[in-house]
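Take a look at the structure below.
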Amino acid sequence: MRSERRTVLSVEIFGIYHWNRGRYGSPRIVRELESKGIRASRPFVAKLMRERGLRSIVKKKFKKTTNDSHRYLVVENYLIQNFQVKSSKRGLGFRHHLYRRER
């Protein structure tokens with residue numbers, strides 16, 4: 001009984017994940033399952049996703065640009081703060097952090 005439920009959930013998760021082109025993580029997948037009338041906890045869905053090697057695509061929040069690389073307005077830095085993009089060592093390298101360099 002338990003293994004059957006686990007198999008059915010795993011198939012549903014796999015389908016939802018690929019239907020949304022890998023952009024859904026466990027919280028969104030849980031909401032999709034609930035809309036279908038299937039109850040499952042977020043940690044359990046996350047565990048099943050890890051077992052199948054499913055990870056959601058994480059988009060970068062910041063993009064380093066220069067004045068010449070695009071046609072958008074660039075506001076002058078009146079506060080004279082020097083910001084740099086620094087990639088983290090953890091994960092797959094998708095996460096970037098914006099920090100202020102001390103003078």
Side-chain angles (χ1 to χ4, degrees):
M1 174 77 175
R2 192 176 283 185
S3 63
E4 291 173 11
R5 173 172 163 71
R6 189 180 182 95
T7 304
V8 169
L9 262 175
S10 184
V11 168
E12 286 290 328
I13 290 168
F14 190 77
I16 292 170
Y17 178 83
H18 286 293
W19 179 258
N20 294 293
R21 295 185 217 124
R23 289 184 174 89
Y24 277 19
S26 57
R28 278 183 167 178
I29 290 178
V30 167
R31 279 185 255 140
E32 285 287 325
L33 289 171
E34 286 175 355
S35 71
K36 291 182 174 186
I38 302 170
R39 293 184 60 197
S41 68
R42 194 213 48 83
F44 185 61
V45 170
K47 182 178 180 181
L48 291 176
M49 287 178 71
R50 270 193 310 273
E51 287 176 1
R52 295 198 71 168
L54 305 177
R55 292 190 63 171
S56 64
I57 297 172
V58 179
K59 293 189 176 188
K60 297 177 185 178
K61 293 185 180 180
F62 301 103
K63 187 174 185 179
K64 186 176 180 180
T65 61
T66 63
N67 293 344
D68 300 332
S69 67
H70 54 79
R71 62 177 192 266
Y72 301 109
L73 174 68
V74 176
V75 179
E76 189 175 338
N77 186 0
Y78 289 111
L79 299 177
I80 309 179
Q81 294 178 344
N82 188 7
F83 290 99
Q84 292 183 343
V85 176
K86 174 184 174 186
S87 64
S88 67
K89 302 285 186 209
R90 292 182 285 143
L92 297 175
F94 294 125
R95 297 181 184 102
H96 289 78
H97 303 284
L98 192 65
Y99 71 97
R100 190 172 107 195
R101 187 193 318 168
E102 298 299 322
R103 295 184 220 194

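These numbers were taken from a predicted model, which means no experiment stands behind them.
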Quiz item: Should Tyr24 and Ile57 be regarded as members of a common hydrophobic cluster, given that ILVMFWY residues are connected when their side-chain heavy atoms come within less than 4.5 Å of each other, either directly or indirectly?
Solution: no
Quiz item: So if you build clusters from Ile, Leu, Val, Met, Phe, Trp, Tyr with side-chain heavy-atom gaps below 4.5 Å, do Val8 and Phe44 land together?
Solution: no
Quiz prompt | Main-chain N/O of Ser3 paired to Thr7 side chain as donor or acceptor, under 3.5 Å | solution = yes
Quiz item: Taking the side chain from Arg42 and the backbone from Val30, do they hold a donor-acceptor pair closer than 3.5 Å?
Solution: no
Quiz item: Closest heavy-atom contact between Ala40 and Leu33?
Solution: CB-CD1, 4.4 Å
Hey, could you give me the [atom1]/[atom2] distance between [X] and [Y], rounded to the nearest 0.5 Å?
{"X": "Met49", "Y": "Tyr17", "atom1": "CE", "atom2": "OH", "result": "6.0 Å"}
{"X": "Leu48", "Y": "Leu9", "atom1": "CG", "atom2": "CG", "result": "6.5 Å"}
{"X": "Leu54", "Y": "Ile16", "atom1": "CG", "atom2": "CD1", "result": "11.5 Å"}
{"X": "Arg55", "Y": "Ser26", "atom1": "CZ", "atom2": "OG", "result": "11.5 Å"}

Quiz prompt | Validation row: Asn20, Arg28 side chains within 4.5 angstrom (heavy atoms) | solution = no
Quiz item: Is any side-chain heavy atom of Ile29 less than 4.5 Å from a side-chain heavy atom of Glu12?
Solution: no
